[in-house]
Structure formats: C-alpha cells, structure tokens
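First up is the structure itself, then whatever we jot down about it.
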Number of protein chains: 2
Amino acid sequence: MTDVSGLSIGILGGTGDQGKGLARRFALAGLKVMIGSRSAERAREAAESIGGGATGAENAVVAAETDLVIVAVPYDGHKALLESLAPQLAGKIVVDCVNPLGFDKRGAYALPVEEGSAAQQAAAVLPDSRVVAAFHHVSAVVLLDPAVEKVDLDVLVLGDDREATDTVQALADVIPGVRGVYGGRLRNAFQVEALTANLISVNRRYKAHAGIRITDI
Amino acid sequence: MTDVSGLSIGILGGTGDQGKGLARRFALAGLKVMIGSRSAERAREAAESIGGGATGAENAVVAAETDLVIVAVPYDGHKALLESLAPQLAGKIVVDCVNPLGFDKRGAYALPVEEGSAAQQAAAVLPDSRVVAAFHHVSAVVLLDPAVEKVDLDVLVLGDDREATDTVQALADVIPGVRGVYGGRLRNAFQVEALTANLISVNRRYKAHAGIRITDI
C-alpha cells in the first residue's frame, strides 16, 4: 500500500462543498491540507471552518506549494484555470473530480466535453502532470456532516499512470469507510463523471445521499 | 410493489451469455420465459439448457408472443433488429440492456451512439413501445453459475415511464440478491451502459466479476 501520510494535499476550488468536504476528511485523517480559491481570504475562512490545521491561499499558491493537487472547481472555468496553472502543476499528480453536468427542470444530465471528459480535458492542458480522475461521487453533505464517522462509498480511481492511481487509491482509503478502487483508464472517465447525474436522480427519488460500492472485490 | 409473476418474458438475443443468464434466473424464479434468436433451433437449445420450462423461438415470434421483451443482442445489429420488430413490440415494455462497447489491446471503451445511448436508439426506432434501460452490469458468468444462489448487485433501471420502470425494478427484484433501483431518465442511459467498460477494467485488475451497489438507499 502506498504511504500518503507525508503528502501535502492542495484542493483547488476548496471553498465549494465537494472540495471543502474532501479537505475536511483529509485534514481529519492527519494530512496537511491547503484549500485554494480565487480569493485567499475565502480560502482561509474555509480552512478555518474545517479545522484540523488546514490552511488557505489563492489557487496558484496552492498549486505551487502542495505535493498532490485535487481539482474541485465548477466545470465552467475548469479548463481556463488549469491552463493558467500548468507550470505550477507540472510533475505533480493532479486529481480531477469535476462532473460536467447541466441541470434543467427534469434534473441533471451529462454535458458533452470536447476532449471526452473533464479528466481528459485536464490531461490535454496539463501534459506535464499526472492526471487521475477520482472522487466524483462523494456527497458533500456526508463529507461535511460531523455525525457521519464512516462514509459508505467506493471511490473509482481512473488513470493511465499506475503509480499515480495507486497513490490516489491510498488517499481515498484514508477517509474512514471509503475504499479506493481502480476503475480503468482515463479514456473511460466520461461515464464515471456523468454517472453523478444518475446518482442525483437516485437522491431525488429515494431522498438519499447515494454513492456506489463495487461488488465482488 | 408491482406484481410481475404473471408476465411472460421474452429475451431477444437470449442465446448470448447475458441474455441466457437473465433467462435462467427469471425461469428459476418461476416466470414464463421465451428465448429468442435468429435461429429457432439455437433458441430452443438454449432454452433446454437453462431448464425451468423456458421455451425458444425466432426473435420475431418471441417479440410477438411475450408481454415484456428484453433486448440482449450485440450492439452490432441492435438498431436493425428493433426496427424490424417495431410492430410486434408496439405497446410493450422493452428493456434494453445493450452496452455499446469497443475493445482493443488496452481493454474496453464506450462507443459513441448517435441517438445518445443504445436505449435512446431503441426508443427512437420503437416510438410505440415503452423503452426502459436496465440489466447492463449483470455478470453472465455469475447468472449462469449454479453455485451462486444470491447475486450481489443493484440493477439501475432508467426510463421516462414510471409504471414501466416500476415494473422492471420488480422484475430485477425476482432474482435473489438483486435489487432494482431507479437510476434516472433515459437521457442519462449512456453513462450506465458505458460504465460496463469500467467494470471490465475492474474485473481485469481484481480478477473479479464486479457489479455495483447503490449506498444510502
């Protein structure tokens, strides 16, 4: 098992619910966490709100100063942000957990992505980074709920770099209850991102915070 | 809960592993099952091999004579077959479980579908049928294994017709261990079909017959 205890984790868009939820769980697990935002002040506020020694700074500072960087920004602006941070992210594992979704009165639906998926878009604009796709199906509500000690979820981890996917699986494993599961190559990321639309449909129908588990492994 | 015990189930392409596996489990559950194939003789052979009173006939006969029809044919030929059977399938629930996948030396990947997904393709060529998408992630090996009494799987059921999706959820529930879970509208079928490529990656990595469970419901 890869040891991730010494890694510092940066979370771009860490003031949003998904990013803040992940930041909280990683900080609780004892990892050094740095929340990024367009506004350093809002990043610091979010870091204070989750505790655990997390700090906050502008996205570019976080990208430069952390070992492994999670991208949890809205899909709008995803490409432009990563393009602007390519130098800081070079050589690093970059974990894309962006779900390109649209919403209308019938619910959520998957948006087409020219590069195939948000993760492949990240790989296209970050050719010198090690892009992994993961953490798409985490429920921000669950991650942020102090009453939830164990999170009932398998995190599908996709990528073409075995050492990088192993690292991100180990990172998922630090959240109690969560298991990082290898889920295929980056070219199969679209459907994992898009499945979030189905989980939103499940949540509506069953009044739940649905996740997935992989059986027989 | 919808009562499906009186329904006769037709399975187009029921001589393939996925269709035969489903046929076997439905017949074991006491449902009247009719296996369809291009060749009536091969359909009858498959029906005899699974037992449980299943019968076999040409696809067109099965489409005409059963109440609910499952489409388990290879993606090649899917559209043409359904176009040819539109009159027989009119008014019926048609359950598409086709996964449009390609394979190369790096594994499986999702094929683009002009209509959005195999299920939407079925809906486009069967405007008078009630198309539901389901049973994409069943493992034929598991369904056909007499040693497996309970199948550890949630079947995502997608569609725009509530009565039809309720019926198919109840149909999934007749297989011991399986739970039918509403998974959204037909416009979100692509990613459920395509996720089969990821499960194939999981199977390769973990030497498993992976399925999925939905948590928190």
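Chain letters run A, B, ... following the sequence lines, proteins first, then strands; residues in each count from 1.
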Relative to chain A, which of [options] shows the most heavy atom pairs under 4.5 Å?
{"options": "B:Asn203, B:Val142, B:Asp104", "value": "B:Asp104"}
{"options": "B:Pro112, B:Gly107, B:Ala108", "value": "B:Ala108"}
{"options": "B:Gly184, B:Ala189, B:Ala194", "value": "B:Ala194"}

Please flag which part of [X] lies under 4.5 Å from any non-hydrogen atom of chain B: side chain, backbone, both or neither.
{"X": "A:Tyr109", "result": "both"}
{"X": "A:Leu158", "result": "side chain"}
{"X": "A:Arg204", "result": "neither"}

Pick from A:Arg187, A:Lys207, A:Glu193 with the largest number of heavy-atom pairs that fall under 4.5 Å of chain B: A:Arg187

Option in A:Val192, A:Ile217, A:Ile200 with maximal non-hydrogen atom pairs under 4.5 Å from chain B: A:Ile217

Once rounded to the nearest 0.5 Å, what's the spacing between atom [atom1] of [X] and atom [atom2] of [Y]?
{"X": "B:Asn198", "Y": "A:Tyr182", "atom1": "CG", "atom2": "OH", "answer": "9.0 Å"}
{"X": "B:Asp154", "Y": "A:Arg213", "atom1": "CG", "atom2": "CZ", "answer": "13.0 Å"}
{"X": "B:Ile214", "Y": "A:Leu199", "atom1": "CD1", "atom2": "CG", "answer": "5.5 Å"}
{"X": "B:Leu195", "Y": "A:Leu156", "atom1": "CG", "atom2": "CG", "answer": "7.0 Å"}

What are the two closest non-hydrogen atoms of B:Gly183 and A:Val202, and how far apart are they? CA-CG2, 4.3 Å

For B:Ala197 versus A:Asn188, what's the shortest heavy-atom pair and its separation? CB-OD1, 3.7 Å

Apply side-chain contact (heavy atoms from CB on, under 4.5 Å) to residues A:Tyr206 and B:Asp216 and explain how you reach the verdict. CA-CA 9 Å; A:Tyr206 298 92; B:Asp216 198 39; over 6 Å; no

Does CD belonging to A:Glu83 count more than 12 external heavy atoms closer than 6.0 Å? yes

